[in-house]
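See below for the structure under consideration.
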Amino acid sequence: MAREIAKAYEPQRIEPRWAKFWVKEALFEADPHAPGPVFSIVIPPPNVTGSLHIGHMLEHTEIDILTRWHRMRGYNTLFLPGTDHAGISTQRVVVKYLADQGIDYQKLGRDEFEKQVWKWKEEAGGQITEQMKGIGESCDWSREKFTLSPEMSRKVREVFVRLYKEGLIYRATRLVNWCPDCLTVLSDLEVVHEERQGHLWYIKYPVVGTKEFLTVATTRPETMLGDTAVAVHPEDERYRHLMGKKAVLPLMNREIPIIADKLVDREFGTGALKVTPAHDPNDFELGKRHHLAEIDVMTDDAHMNANAGAYAGMDRFAARKKIVEDLKAQGLLEKISDHTNAISLCERSKTAVEPRISTQWFCKMKGLAAPAIKAVEEYAPGKENTIYIIPENRRTEYLNWMYNIRDWTISRQLWWGHRIPAWYCKENRHITVARKTPAQCATCGSSNLEQDPDVLDTWFSSQLWPFSTLGWPEETADFKKYYPTTLMVTGYDILFFWVARMIMMGLHFTGRAPFRTVYLHSLVRTGSGEKMSKSKGTGLDPVALNQQYGTDAMRFCLASMAAPGTDIILSDDKLASSRNFANKIWNAARFLFVNLDKFEQGGAKLEDLAAPGVRAKAPYAAGGKVPLVDSWLFARLTSTIDMVNDALANYRFHEAAQGVYQFFWGDFCDWYIEWVKPELQSADRERATVAWKNLFAAFDAALRLLHPFMPFLTEELWHQLPQAAGAKSIALDRFPEAQARWKNSTATDELALIQEVVTKLRAMRAEKRQDAKKKLPAELSSSNPALRKLLEDNSQVVQRLAVLSSFEVFSEGLKGTGMIVQTAIYDLRIPFEAIIDPLAEIARLKREIERLEKDIQSKKARLDDEDFTRKAPENVVKNMGIALVERQLEQKKLKAQLEQLEGSQAVGH
RNA sequence: GGGCGACUAGCUCAGUUGGUUAGAGCGCUCCCCUCACACGGGAGAGGUCGAAGGUUCAAGUCCUUCGUCGCCCACCA
């Protein structure tokens, strides 16, 4: 059976094939009636019109690793994919797309615009799911969902109607965050703050009936056109005489009251505050308290309106400039000072948000939040309906936000989204909220109805995701089996937007927490620490990188850097290093297959070596005994499995990745394969056969261990293994289990000793600049018979690995010249003709003795300290004692060697 | 204005409950294209763990203060 295997791993040739295979074979379709404990996870739905960015890559890699890991361990596993309609974001994209073609979406009209977006969605929406398939996510594609599908729409209406009837959704007129670019209201969360260098303008307001001026300080002079009062602190002596008087609003020549309110900060500016209830949250509150008029001076797109007098039609910032000039001209501008303030920006457009009075739909949050707080506060392992948020510090963030939660503005002045299921009768403006489009007004019976033009915040539908996708409100088999979901993996940047709201809604509507655990993954940042962003051109394109390095390498790289609670900075170096790992695995397989061909030519049968089921009995024995190195390898395998399981159970992806890397590269390739190479072609057929069986069994286990991290490569190689005959996919095979019979501590210790001897011998050669290929004789002496036996038994291996011509073992001390390295329990010698530089050797020995001396002294001091011996745990004291004796022994030997060397030097002179 | 995180090798970072000589990858130096792999093998150099105090028999790890950087939340004009 000759096999053609490329010398270097070429993921590009292999990955697409398996990606298609996994989807076509529907391997990951969940069956709610299948046995096994449940592992269910719903994907955080990416924007339907988006493309896969590096953050998705990390998130989806983590989810897929956990999903494949659980599936391989026999869980009834569901990984449900889907996409989000992403209201504001998608609408912006399509508006721009149309504008680029010279089409004004407003002129197009709502219906036509919606059609355009759906068309766009059909075209662009496939991209991200195709990319997800391309990177091998083991999703159940038969259950794919979209937040704006008719199916999801019904659930959104159901929730809206229920919340409305419970009084938790209401309509109100408030000061809201308005984006003049997106032309919609925003929730508080969609407003981001940014520190900017600005100014503080001091404006003089003449006081009516006096010659005095009252100077106010403001960061936004343009809003003064809507001022309806000036406020001072009631106990401010400076202004006591002005309270109750009136001031003339400059430029508008309107008389406004001077009011007193303790909200005013006497320390800030002049201690006098201009009050613009229609354009500032504080002022709005003041206005309500003092029954002030609310004068909106701006239009939707932040130009000055008719209320702005002479400034009508100007953009707000142009108006600001003009107003300042005019004030200056009139001598009413006292001064301008520098001032840093945090301005509010629209998260999407980065336009300065304009506070505006507007009638909107709101969701009352306090009551919904209470159970969601409790669920997280009272978390305990295994406790029903409680939620574990990890990393821990995010839990505090969640709770703090929830304690201070405020009502949520849920309506949006957009066309793309779930239309609000509220109808107004044109006659009396009664509101009818209903699941199905009503024929008449619920209050007056009028049939002259019009639906609210607005849509719901995107997050209104995504917050239902864990249960809406599983069939709720129907009690479907999926819902019963897979809800609550096991785990939510998402970014901490949407903890409030999404996670908190899912918890509230899940508890409210299903009575159960929507997931047991929330793992908040890292963000991928650029070298300078910024969050990666396509718009800033700082993003890395994972699709291109996958193409370049291989998806497996990308996955492995991300996993190996994904320590919980830290952000990730990705680089080419790191990707290359992961690619090298993939190549290493590929070449290990190549070694196996190329050599197997040779072995088979000797008449061996593949089925005997690695038939299905053979793995269960590994490791195999030769001559009644499992060879030392095989015992060791399986012991290493079992502890690696334990470590990986433990790491993944705690979302410590980096540890798991490091564990498999170390095992595969360090143990399996560097030591095991090198060690057994000759045995695989041994004339002793029994030994050779056992070597092959164990090698195959270990490699098979290693591939399964690696599979969750590197699904493509492992699938490809596994299918070439005899064990895989007749099996569909490694993904449906079992994850290797740590097994008691694999544990063998004597092999671990013994192999460690041999490794140490080999390493020391190599180092001795290297230090003396010996030709790497030249075989040298070497000797070992030890008073320990077991140690001597071990090395005698493995003399051939030591000779080969350390490139020796001979390796003799003695019980007495070593005689003769050459390079000598001594440890507490054995000495090594390579008899070079002469030491190249005796003075350097003397210096080295002295340094070494000195280093040991320090160590010995500090250990002695510790052991002499009664506090230490009394208070420290027994094993710490014991180990310290052992270490001390070893160091002393080592030092003694070095001193002897030094003495001898100095003696011979003296003679030579 | 609150809250949080980071500071460990030249670079990027690990280091769970305090416990023998602090680790990895990349980079660097030296040797080797040995019949799986130069995307490789072997051997090295390199760290007073940001600073100063403190708790402890014992501190990279716990506490306090400070410094530098970053993030989140926030209606002081």
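Quick note: numbers below take in every heavy atom, side chains included, and nothing from hydrogens, waters or symmetry partners. To find a chain, count down the sequence lines: A is the first, B the second, and so on, and within it residues start at 1.
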Under 4.0 Å, heavy atoms only, any strand: does [X] hit a base, just the sugar-phosphate, or nothing?
X	answer
Pro355(A)	nothing
Lys677(A)	base
Glu267(A)	nothing
Asp670(A)	sugar-phosphate
Arg762(A)	sugar-phosphate
Ala763(A)	sugar-phosphate
Ser560(A)	nothing
Lys773(A)	sugar-phosphate
Ser571(A)	nothing
Asp573(A)	sugar-phosphate

Among [options], which nucleotide sits nearest the side chain of [X]?
X	options	value
Glu285(A)	C75(B), G19(B), U56(B)	C75(B)
Asp865(A)	A77(B), C57(B), A36(B)	C57(B)
Lys584(A)	C37(B), U12(B), A77(B)	C37(B)

Give me the distance, rounded to whole Å, that separates [N] from [M] when you measure between the [atom1] atoms they each carry.
N	M	atom1	value
G19(B)	C33(B)	P	45 Å
G46(B)	A22(B)	P	13 Å
A9(B)	U48(B)	C1'	14 Å
G67(B)	C75(B)	C1'	33 Å
A77(B)	C71(B)	C1'	27 Å
A51(B)	U68(B)	P	15 Å

What I'd like to find out is whether the side chain of [X] reaches to under 4.5 Å of the side chain of [Y], using heavy atoms alone.
X	Y	value
Leu575(A)	Met554(A)	yes
Leu520(A)	Tyr398(A)	no
Gln755(A)	Val758(A)	no
Glu853(A)	Gln891(A)	yes
Leu717(A)	Leu721(A)	no

Report yes or no: is there a donor-acceptor pair, N or O only, under 3.5 Å between the side chain of [X] and the base of [N]?
X	N	value
Lys574(A)	C26(B)	no
Arg887(A)	U21(B)	yes
Glu655(A)	A24(B)	no

Atom [atom1] of [X] to atom [atom2] of [N]: distance rounded to whole Å?
X	N	atom1	atom2	answer
Arg870(A)	U56(B)	CZ	C1'	13 Å
Phe496(A)	A74(B)	CZ	P	8 Å
Glu195(A)	G1(B)	CD	C1'	10 Å
Phe591(A)	C35(B)	CZ	P	12 Å
Ile390(A)	U16(B)	CD1	C1'	11 Å
Arg765(A)	G44(B)	CZ	P	13 Å
Arg395(A)	C73(B)	CZ	P	20 Å
Asn177(A)	A74(B)	CG	P	10 Å

Given [N], is OP1 or OP2 found less than 4.0 Å from the side-chain N or O atoms of [X]?
X	N	result
Asn580(A)	G40(B)	yes
Lys7(A)	G40(B)	no
Lys859(A)	U21(B)	yes
Lys878(A)	U20(B)	no
Arg406(A)	C75(B)	yes
Trp665(A)	G41(B)	yes
Arg652(A)	A14(B)	no

Could you identify the nucleotide paired to G1(B), looking across every strand shown and requiring Watson-Crick or G-U wobble geometry with both distances under 3.5 Å? C73(B)
Tell me the partner of C26(B), counting only Watson-Crick (N1-N3 plus N6-O4 or O6-N4) or G-U wobble (N1-O2 and O6-N3) with both under 3.5 Å; none if nothing fits. G10(B)
Checking Arg579(A) against Tyr549(A): charged group under 6.0 Å from the ring centre and within 45 degrees of the axis? no
Taking the nucleotide of RNA chain B with the closest heavy atom to each, which residue, Ala576(A) or Leu189(A), is nearer the 5' end? Ala576(A)
Here's a test of your reading of the structure: between Asn879(A) and Tyr492(A), which maps to the more 5' nucleotide of RNA chain B? Asn879(A)
Taking the inter-plane angle between the rings of Phe699(A) and Phe664(A) on a 0 to 90° scale, is it parallel (under 30°), tilted (30 to 60°) or perpendicular (over 60°)? tilted
Is the ring pair Tyr661(A)/Phe556(A) parallel, tilted or perpendicular, if the boundaries are 30 and 60 degrees? parallel
